[in-house]
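Structure, as structure tokens:
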Amino acid sequence: SQKIEQNSEALNIQEGKTATLTCNYTNYSPAYLQWYRQDPGRGPVFLLLIRENEKEKRKERLKVTFDTTLKQSLFHITASQPADSATYLCATAWDNYGQNFVFGPGTRLSVLP
Amino acid sequence: KAGVTQTPRYLIKTRGQQVTLSCSPISGHRSVSWYQQTPGQGLQFLFEYFSETQRNKGNFPGRFSGRQFSNSRSEMNVSTLELGDSALYLCASTNSEGTEAFFGQGTRLTVV
């Protein structure tokens with residue numbers, strides 16, 4: 001069955017540094033990958049989507065890459081701030097029809113001042 | 001534009017009872033999905049409704065059911081509650097391209 005893994009359960013970095021989170025998928029070739037941010041007790045919030053034919057996507061301080069050979073997506077936050085502290089989830093859909101997204105377990109990022 | 005609204009925010013139920021959770025999607029969104037989130041299992045897909053029809057279903061027992069109304073509002077029902085059903089239940093509606101999910105705040109269900 002389709003599976004998404006995120007390599008770190010938790011990641012601590014110093015303010016101002018770049019945070020890099022990893023998402024790997026198996027048994028599937030998704031047409032796109034998504035990244036969400038989730039704060040405690042709240043629902044996930046969509047951040048970025050990258051399609052299989054895109055190598056890189058940027059949005060302000062966020063950058064996502066997609067390597068279909070490695071079956072991996074990297075999520076970068078540059079010039080990190082304490083307000084970036086949250087859990088980050090990657091997700092993909094089983095197919096391009098329907099909303100049965102498969103989510104990774106998430107990486108809890110803590111940006112230390 | 002109002003976001004996805006879930007009610008109630010918190011619920012405490014006793015084992016064996018049943019519960020109904022409600023979700024109002026973003027206006028114009030026809031797809032509504034439900035997820036269960038627990039610390040051990042993460043975010044797991046329950047089912048998806050589109051135009052009042054269940055279009056996809058995750059791997060949950062039949063005690064978990066749902067429905068969608070003509071105005072796209074959706075309800076989720078869990079019967080014969082078990083302690084392990086304690087979780088944050090999230091509802092999401094999606095944009096017309098089906099590429100972005102908008103989540104509600106969730107309903108925190110505690111079964112005692």
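As the structure is a prediction and not an experimental result, all values here were calculated from the model. Scope of the values below: all heavy atoms of this structure, side chains included, with no hydrogens, waters or symmetry mates. A, B, ... follow the sequence lines: proteins, then strands. Residue 1 opens every chain.
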For B:I12, look at atom CD1 and say whether over 12 heavy atoms of other residues, nucleotides or ligands are found less than 6.0 Å away.
no
Do B:F103 and A:Y36 pass the side chain to side chain contact (heavy atoms under 4.5 Å, CB included) test, and can you show the C-alpha distance, the side-chain angles, and the key distance before you say yes or no?
CA-CA 10 Å; B:F103 283 85; A:Y36 290 79; 3.9 Å; yes
Could you tell me if the side chain of B:F45 sits less than 4.5 Å from the side chain of A:F103, heavy atoms only?
no
Answer yes or no: are there more than 12 heavy-atom neighbours, outside B:R73 itself, under 6.0 Å from its atom CZ?
yes
Nearest 0.5 Å please: distance from the CG atom of B:L43 over to the OG1 atom of A:T87.
11.5 Å
Name the region of A:P44, side chain, backbone, both or neither, that has any atom closer than 4.5 Å to a heavy atom of chain B.
both
Heavy-atom proximity to chain A below 4.5 Å, by part of B:Q37
side chain
Take a 6.0 Å sphere around CD of A:E60 and say whether it holds more than 12 heavy atoms from other residues, nucleotides or ligands.
no
Applying a strict under-4.5 Å side-chain criterion to I, L, V, M, F, W and Y, I'd like to know whether B:F60 and B:L21 cluster together.
yes
From CG (B:L88) to CD (A:Q38), nearest 0.5 Å
7.0 Å
Is it true that, when you exclude B:R15 itself, more than 12 heavy atoms of the residues, nucleotides or ligands shown sit nearer than 6.0 Å to its CZ?
no
